[in-house]
Amino acid sequence: MSRDHVQSAERSVHDAGAPAGDAADQRPAAAETPFLELLARGASADAYEQPELLARAEGRPAERLAALGQAKRLALRVRSELEGRRRREAELSALFETAHDLAGLRDLDAVLRAIVQRARSLLGTDVAYLSLNDPARGDTYMRVTEGSVAARFQQLRLGMGEGLGGLVAQTARPYVTDDYFKDARFQHTRTIDAGVSDEGLVAILGVPLMLGHHVIGVLFAADRRARVFEREQIALLGSFAALAAAAIDTANLLAETRSALADLERAHEIIQDRSGVIERASDVHDRLAELVLRGGGVHDVAAAVSQVLDGTVEFTEAAAAPAHALEASRAEGHAVPHQADWIAAVAAGDELLGALVLRGHPGLDPVDQRTLERAAMVTSLLLLARRSAAEAEQRVRGELLDDLLDARDRDPRLLGDRARRLRADLDATHVVLAARLDATAPDADQEAEARRRLWAAASHLAATRHGLAAARDGGTVLLLPLTSGDGATDLARRTARHLGTAVHEAVTVGASAPVEDLATRPDAVATAYTEARRCLDALRLLGRSGDGAAAEDFGFLGLLLAGDQDVTGFVERTVGQVVAYDTRRGTELLRTLDAYFACGMSPARTKDELHVHVNTVAQRLERVGRLLGEDWQSPDRALEIQLALRLHRLSSPTSPTTPATPATPATPTQH
């Protein structure tokens with residue numbers, strides 16, 4: 001107590017003991033007066049003992065001492081009540097401020113820190129902290145600390161049931177201990193005890209943070225000395241815990257609201273984007289429908305999709321597209337990325353017709369991807385429609401050629417009209433070509449498929465050349481116009497090469513001599529076909545499969561080669577020994593025989609033809625006589641030998657029309 005307080009108390013006591021007959025301003029003071037002054041001054045509890053002690057020292061009467069004692073007790077009670085009111089006022093003020101912070105919640109961590117700071121201040125503890133449960137890990141962890149100095153303590157994680165906080169989190173009830181390390185009510189662990197020891201905590205109070213019936217965390221107040229927490233302090237900390245739980249719940253709701261708003265914004269953006277995509281898809285649909293209706297082609301489809309997808313879309317043949325990506329697209333039924341491109345297979349069942357390739361567009365919206373796939377489907381339908389139309393036209397062309405071959409319809413006007421509808425001109429000069437595959441398929445189905453491919457290739461060639469084609473006699477017959485400066489032999493060879501490339505197999509082609517006025521002479525087509533067949537048979541008999549030739553290349557031999565003659569056997573029997581001798585010795589007996597017969601069997605003219613000495617010719621002819629027999633120059637044998645020489649020359653790899661290279665002059669002794 002201060003000196004002023006003591007003096008004031010002494011005066012009060014002295015006045016209280018003054019005689020009753022004094023002046024009115026010196027009336028005896030009431031016993032409560034010094035204590036009222038102490039209450040007014042907010043003196044400590046110890047100061048309330050002084051008035052009674054002074055009265056005893058002055059020897060005041062017992063009644064006075066009793067009155068002072070009674071007044072002291074009343075004053076202390078009033079003082080305690082006033083302190084409680086002030087404390088509750090401070091607590092209510094702190095709770096109000098915390099609720100105000102919660103109402104304007106912007107930062108959850110800031111609100112939780114404010115709650116922990118105020119709890120520490122009002123309870124007067126060294127440390128306050130808050131932990132939250134982690135459902136994913138099944139434990140609780142430190143979220144906010146105030147007054148803590150130990151890093152390990154600030155990073156503690158408590159398992160459910162471990163330590164005081166774990167027990168609070170598990171039981172949803174407040175727990176308090178005045179000496180943590182001596183309290184055996186909860187499970188001690190090395191990790192938790194080490195953290196508490198680093199912080200130096202002794203007395204700890206923990207209350208649960210509740211949302212409904214669920215514990216979401218624990219709020220703590222702790223001292224570094226032994227302390228007994230009063231019931232009011234436990235209730236106060238519980239109030240702060242309720243506010244903390246409300247703050248966490250509000251923050252979660254705000255987070256969910258923000259997330260929902262963000263989701264709505266994204267959904268709105270997606271809807272707007274999809275709306276644009278749907279408009280583009282509708283535009284594509286309209287464009288593709290218009291293309292189909294007006295008979296557009298695959299390149300028109302690619303151009304239309306290029307505009308919609310803002311890229312370059314191209315149609316490529318199946319062989320030109322990346323094989324792996326093309327097969328993946330066909331198997332999945334979707335467009336697939338390939339490097340910086342997208343590949344959409346154009347297929348009809350298991351048959352690959354080609355691909356639509358979107359160039360330089362690695363990122364593709366799913367709806368744009370479906371647009372590319374839809375365009376590929378439309379492309380396949382156009383190709384199939386074109387194929388069907390082409391096959392129908394091919395059948396019509398084949399029927400007209402069949403009529404010409406069979407001479408069923410001899411009306412020139414009707415034949416001309418049918419030909420003009422097919423863009424064929426029967427008044428032009430034509431050549432009839434007979435084509436056949438040389439390879440033999442292992443079974444009937446493969447044989448039929450090979451013939452179908454040959455007929456398709458021949459029909460396509462006939463359509464592009466304004467001619468006709470039909471399947472006949474196990475092969476194909478073509479009626480093609482002959483252009484100016486072209487010959488039947490050249491046309492036959494080009495046709496053999498073209499068809500062989502198209503079907504990837506050797507195709508042999510025999511051609512007739514040029515024919516004219518087919519409209520008025522339909523029977524000429526059948527005659528020319530017979531001639532072309534004869535040339536075809538001659539080529540195959542001579543071993544020139546995969547080649548083409550016309551009747552003019554064979555002369556009278558063409559008449560002799562028809563049928564199943566054994567040409568190879570005839571040549572072998574007639575001049576085989578001479579051929580073998582030349583092969584073994586490197587001589588030119590066969591060439592000498594050709595020149596000898598060509599020069600009218602005159603050795604003198606033969607030596608001039610060969611540019612050798614006449615003795616050389618005589619020696620070679622003598623060798624021929626020993627190989628073929630003495631009668632080789634008789635008329636019958638000579639004719640057979642000349643025919644065999646011609647057949648041997650026709651069946652050689654060099655062209656029959658290519659002149660022989662002049663021989664180098666030889667010495668008279670060359671054989």
How long is the span from the [atom1] atom in [X] to the [atom2] atom in [Y], to the nearest 0.5 Å?
{"X": "L628", "Y": "Q577", "atom1": "CG", "atom2": "CD", "value": "6.5 Å"}
{"X": "L589", "Y": "D582", "atom1": "CG", "atom2": "CG", "value": "4.5 Å"}
{"X": "D490", "Y": "T495", "atom1": "CG", "atom2": "OG1", "value": "10.5 Å"}
{"X": "R605", "Y": "K607", "atom1": "CZ", "atom2": "NZ", "value": "12.0 Å"}
{"X": "R494", "Y": "L461", "atom1": "CZ", "atom2": "CG", "value": "10.0 Å"}
{"X": "E531", "Y": "L536", "atom1": "CD", "atom2": "CG", "value": "12.5 Å"}

Under 4.5 Å between any side-chain heavy atoms of [X] and [Y], yes or no?
{"X": "R465", "Y": "L491", "value": "yes"}
{"X": "L621", "Y": "Q633", "value": "no"}
{"X": "L639", "Y": "L643", "value": "no"}
{"X": "L610", "Y": "R620", "value": "yes"}
{"X": "L480", "Y": "V431", "value": "no"}
{"X": "T592", "Y": "V624", "value": "no"}
{"X": "L645", "Y": "I641", "value": "yes"}
{"X": "L468", "Y": "H430", "value": "no"}

Check side chain to side chain contact (heavy atoms under 4.5 Å, CB included) between A376 and all other residues, then give those that pass, not counting sequence neighbours.
A344, V346, L356
Tell me the closest heavy-atom pair linking [X] and [Y], and the distance in Å.
{"X": "G510", "Y": "A532", "result": "O-CB, 3.4 Å"}
{"X": "A321", "Y": "T316", "result": "CB-OG1, 3.9 Å"}
{"X": "V515", "Y": "A528", "result": "CG1-CB, 3.8 Å"}
{"X": "L478", "Y": "A435", "result": "CD1-CB, 4.3 Å"}
{"X": "Y529", "Y": "A434", "result": "CE1-CB, 4.1 Å"}
{"X": "S512", "Y": "A488", "result": "O-CB, 3.5 Å"}

When you look at V432 and V477, which way does the side chain to side chain contact (heavy atoms under 4.5 Å, CB included) test go after all the steps?
CA-CA 7 Å; V432 177; V477 56; 3.8 Å; yes
Tell me, please, which residues at least two apart from D608 pass salt bridge (charged side-chain N to carboxylate O under 4.0 Å, His left out).
none
Output all residues satisfying side chain to side chain donor-acceptor pair (under 3.5 Å) with T606, sequence neighbours left out; order by chain, then residue number.
none
So, does [X] use its side chain to make a donor-acceptor pair with the main chain of [Y] at under 3.5 Å?
{"X": "T574", "Y": "E640", "value": "no"}
{"X": "S329", "Y": "H334", "value": "yes"}
{"X": "D341", "Y": "V357", "value": "no"}
{"X": "R436", "Y": "D473", "value": "yes"}
{"X": "T508", "Y": "G546", "value": "yes"}

Regarding R330 and E327, does a basic nitrogen lie under 4.0 Å from an acidic carboxylate oxygen?
yes
Could you tell me whether E373 and R370 have a side-chain N and a carboxylate O separated by less than 4.0 Å?
no
Derivation and outcome, side chain to side chain contact (heavy atoms under 4.5 Å, CB included), residues R374 and T371:
CA-CA 5 Å; R374 185 178 298 111; T371 297; 4.2 Å; yes
What do you reckon, is CD of E317 surrounded by more than 12 foreign heavy atoms closer than 6.0 Å?
no
Sole candidate of L437, V507, L433 that passes side chain to side chain contact (heavy atoms under 4.5 Å, CB included) when paired with L499
V507
Salt bridge (Lys or Arg N to Asp or Glu O under 4.0 Å) contacts in which one or both residues fall within residues 499-510, not counting sequence neighbours
R453-E505
Tell me, please, which residues at least two apart from F315 pass ring pair (Phe, Tyr, Trp, His ring centres under 6.0 Å).
none
Test: ring pair (Phe, Tyr, Trp, His ring centres under 6.0 Å). Region: residues 627-646. Which pairs qualify, not counting sequence neighbours?
Y596-W632
